[in-house]
Protein chains: 2
Amino acid sequence: MPTVSSEELAAAAGVNSAKLRKDFSYLGSYGTRGVGYDVEYLVYQISRELGLTQDWPVVIVGIGNLGAALANYGGFASRGFRVAALIDADPAMAGKPVAGIPVQHTDDLEKIIDENGVSIGVIATPAGAAQPVCDRLVAAGVTSILNFAPTVLSVPDGVDVRKVDLSIELQILAFHEQRKAGEEAEAQAGAAAPAERGDQGEGPDGDVPAVMPA
Amino acid sequence: MPTVSSEELAAAAGVNSAKLRKDFSYLGSYGTRGVGYDVEYLVYQISRELGLTQDWPVVIVGIGNLGAALANYGGFASRGFRVAALIDADPAMAGKPVAGIPVQHTDDLEKIIDENGVSIGVIATPAGAAQPVCDRLVAAGVTSILNFAPTVLSVPDGVDVRKVDLSIELQILAFHEQRKAGEEAEAQAGAAAPAERGDQGEGPDGDVPAVMPA
DNA sequence: ATGTCTTTGTGAACGCGTGCACAAAGATGG
DNA sequence: CCATCTTTGTGCACGCGTTCACAAAGACAT
């Protein structure tokens with residue numbers, strides 16, 4: 001029986017082994033003292049808790065470049081997601097297959113949601129179309145929405161929305177990039193740095209504002 | 001002079017006003033007591049600190065559906081990012097314009113990076129091509145990489161990598177979706193829930209494991 | 001000028017999550 | 001069957017970030 005210790009896993013993941021054990025203990029006591037965790041069983045338990053063992057039918061609305069990229073994305077199937085349907089407002093797209101799945105017209109949205117028992121919807125439409133599409137999804141029974149459109153969606157209570165802004169990650173990189181450049185300049189110029197900001201010493205991330213994601 | 005108080009902003013953002021003031025104080029003392037913050041000046045200061053006032057030339061490598069979607073994404077320009085070049089390994093793509101920018105061949109990668117002073121690269125290639133592309137970007141002087149390919153990239157110290165996994169957000173939604181369903185079932189069935197897990201009471205997010213992003 | 005009123009900026013307290021450290025549990029060997 | 005060794009599971013303490021609460025600062029009216 002192949003096993004792993006919390007120590008090995010912690011080293012591999014770069015975290016503290018005690019924290020890892022505490023997190024695992026949430027799943028129950030699946031480890032064996034003096035031995036470690038049964039790999040296969042552990043993987044199964046984590047998968048189950050995360051919902052990876054379930055089948056999640058999803059619909060993607062808005063089959064532009066991004067919608068097509070999502071439809072083709074291989075990572076979905078392995079994580080329990082099944083693209084139940086692709087939906088687009090353009091009649092010219094209807095019937096055309098993308099990633100092996102025929103695109104259907106927005107008119108049939110409600111029917112598609114209902115027939116496939118879809119509870120998760122992905123919006124990859126232009127900004128203007130997002131809210132109306134969202135409303136129709138919710139009305140049809142969708143309770144979780146992944147929004148790629150650059151708009152804040154308003155939904156009734158009980159519906160989860162997650163907004164993905166592709167430029168936020170770039171912004172985080174640029175922020176760190178700027179700090180790299182800034183530190184070099186300060187190291188060189190010394191007195192050139194304005195005192196106004198009140199730097200309170202260094203540390204790897206000491207002066208990163210709290211509003212900035214790590 | 002249009003102003004906002006920390007209280008108004010906090011209410012709009014759904015956070016504590018004291019925290020907001022403390023975060024702002026990182027930028028210096030730009031507020032006026034009894035009045036609030038000068039909107040225009042505040043926006044400028046935040047933009048500057050976040051690096052939004054700088055011009056960040058970026059290259060996108062791998063012009064498939066996702067690369068094209070990124071190239072067309074409107075949110076970049078408004079945040080200080082300028083797509084300096086699109087690069088693809090397919091010779092048939094070379095010269096073809098995507099989002100008004102002609103695609104260039106991978107052979108010229110180093111020259112493009114150098115001539116445009118690019119320090120941020122976006123990888124939207126298939127998994128297999130990601131690491132080699134990454135190596136070449138780094139060798140050419142790129143110090144920040146945004147990786148959309150489903151691979152963990154290894155880079156030398158001093159280079160930042162951020163990995164975007166489009167299915168992670170879906171997984172988070174599915175996790176919450178599962179919990180919704182689970183709670184309903186428990187509420188109905190009562191004793192049907194296994195005691196093994198040791199639920200320690202309720203609370204909106206009380207039993208969400210720490211490993212799960214909020 | 002002086003007083004009142006609003007809102008900032010921040011010291012101090014609180015609470016929560018992380019990490020330490022150890023007892024309990026089980027394997028393994030003699 | 002007992003001793004020893006390894007690794008888990010967790011109580012406890014520490015540290016950090018959030019929040020409270022208030023003094024200081026400035027606007028504005030009289």
Side-chain angles (χ1 to χ4, degrees), chain A residues 1-46 49 172 175 194-214, chain B residues 1-46 49 172 175 194-214:
Chain A
M1 180 179 90
T3 59
V4 264
S5 70
S6 62
E7 205 67 54
E8 293 173 277
L9 284 174
V15 298
N16 182 283
S17 67
K19 175 163 167 44
L20 199 144
R21 286 199 297 278
K22 229 167 213 170
D23 282 354
F24 282 3
S25 77
Y26 167 80
L27 305 169
S29 285
Y30 295 135
T32 306
R33 297 176 187 223
V35 177
Y37 298 88
D38 174 18
V39 172
E40 198 184 343
Y41 194 53
L42 184 63
V43 167
Y44 170 72
Q45 288 298 340
I46 294 176
E49 191 66 25
I172 294 171
F175 178 75
E196 151 191 274
R197 255 182 49 194
D199 297 55
Q200 62 262 60
E202 291 298 299
D205 271 14
D207 44 344
V208 174
V211 289
M212 207 67 207
Chain B
M1 181 178 90
T3 60
V4 263
S5 69
S6 61
E7 204 66 54
E8 293 173 277
L9 284 173
V15 298
N16 183 284
S17 67
K19 175 164 165 42
L20 199 144
R21 285 199 298 277
K22 226 167 214 167
D23 282 353
F24 282 3
S25 78
Y26 166 81
L27 306 170
S29 284
Y30 295 135
T32 305
R33 299 178 185 218
V35 177
Y37 298 88
D38 174 19
V39 173
E40 197 183 342
Y41 194 53
L42 185 63
V43 166
Y44 169 72
Q45 288 298 339
I46 294 175
E49 191 65 26
I172 295 172
F175 178 75
E196 151 190 275
R197 254 183 51 194
D199 296 56
Q200 61 263 59
E202 291 298 301
D205 272 14
D207 43 346
V208 174
V211 289
M212 206 68 206

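As the structure is a prediction and not an experimental result, all values here were calculated from the model. Excluded from the calculations below are hydrogen atoms, water molecules and symmetry mates; all remaining heavy atoms, backbone and side chain alike, are included. So that the names make sense, note that chain A is the first sequence line, chain B the second, and so on, each numbered from 1.
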Separation of [N] [atom2] from [X] [atom1] (nearest whole Å):
X: B:Tyr37; N: D:dG26; atom1: OH; atom2: P; value: 14 Å
X: A:Leu20; N: D:dT10; atom1: CG; atom2: C1'; value: 15 Å
X: A:Leu27; N: D:dG9; atom1: CG; atom2: C1'; value: 13 Å
X: B:Asp23; N: C:dG9; atom1: CG; atom2: P; value: 12 Å
X: B:Tyr26; N: D:dG17; atom1: OH; atom2: P; value: 14 Å
X: A:Glu7; N: C:dG19; atom1: CD; atom2: P; value: 13 Å
X: B:Lys19; N: C:dT8; atom1: NZ; atom2: P; value: 16 Å
X: B:Leu42; N: C:dT7; atom1: CG; atom2: P; value: 16 Å

Smallest separation among heavy atoms of B:Val15 and B:Leu20, with atom names: CG2-CD1, 3.9 Å
Residue met sooner reading DNA chain D from 5', once B:Ala18 and A:Arg21 are mapped to nucleotides: A:Arg21
Ring pair (Phe, Tyr, Trp, His ring centres under 6.0 Å) partners of residues 6-25 of chain B, not counting sequence neighbours, each pair once: B:Phe24-B:Tyr37
Give a yes/no answer on whether the side chain of [X] brings an N or O atom under 4.0 Å of OP1 or OP2 in [N].
X: B:Ser29; N: C:dG9; result: yes
X: B:Ser25; N: C:dG9; result: no
X: B:Tyr30; N: C:dT7; result: no
X: A:Ser6; N: D:dT7; result: no

Could you list the residues that satisfy side-chain contact (heavy atoms from CB on, under 4.5 Å) with B:Glu40, not counting sequence neighbours? B:Asp38
Under the side-chain contact (heavy atoms from CB on, under 4.5 Å) test, which residues partner B:Ser17, sequence neighbours left out? B:Ser6, B:Glu7, B:Ala10, B:Arg21
Presence of donor-acceptor pair under 3.5 Å, side chain of B:Lys22 and base of C:dG11: yes
Which is true for A:Phe24 with a 4.0 Å heavy-atom rule: it touches a base, it touches only sugar-phosphate, or it touches nothing? nothing
Distance, nearest 0.5 Å, that separates CD of A:Glu8 from OG1 of A:Thr3: 7.0 Å
Can you tell me how far CG of B:Leu9 sits from CG of B:Leu42, rounded to the nearest 0.5 angstrom? 7.0 Å
Identify each atom pair where a protein N or O and an N or O of nucleotides 23-25 of chain C are less than 3.5 Å apart, giving names and distance.
from   : atom 1 : to      : atom 2 : distance (Å)
C:dA24 : N3     : A:Arg33 : NH1    : 2.8

Among C:dA27, D:dT19, C:dG19, which nucleotide sits nearest the side chain of A:Asn16? C:dG19
Taking N or O atoms only and anything under 3.5 Å, show me the protein contacts with nucleotides 1-5 of chain C, one pair per line.
none

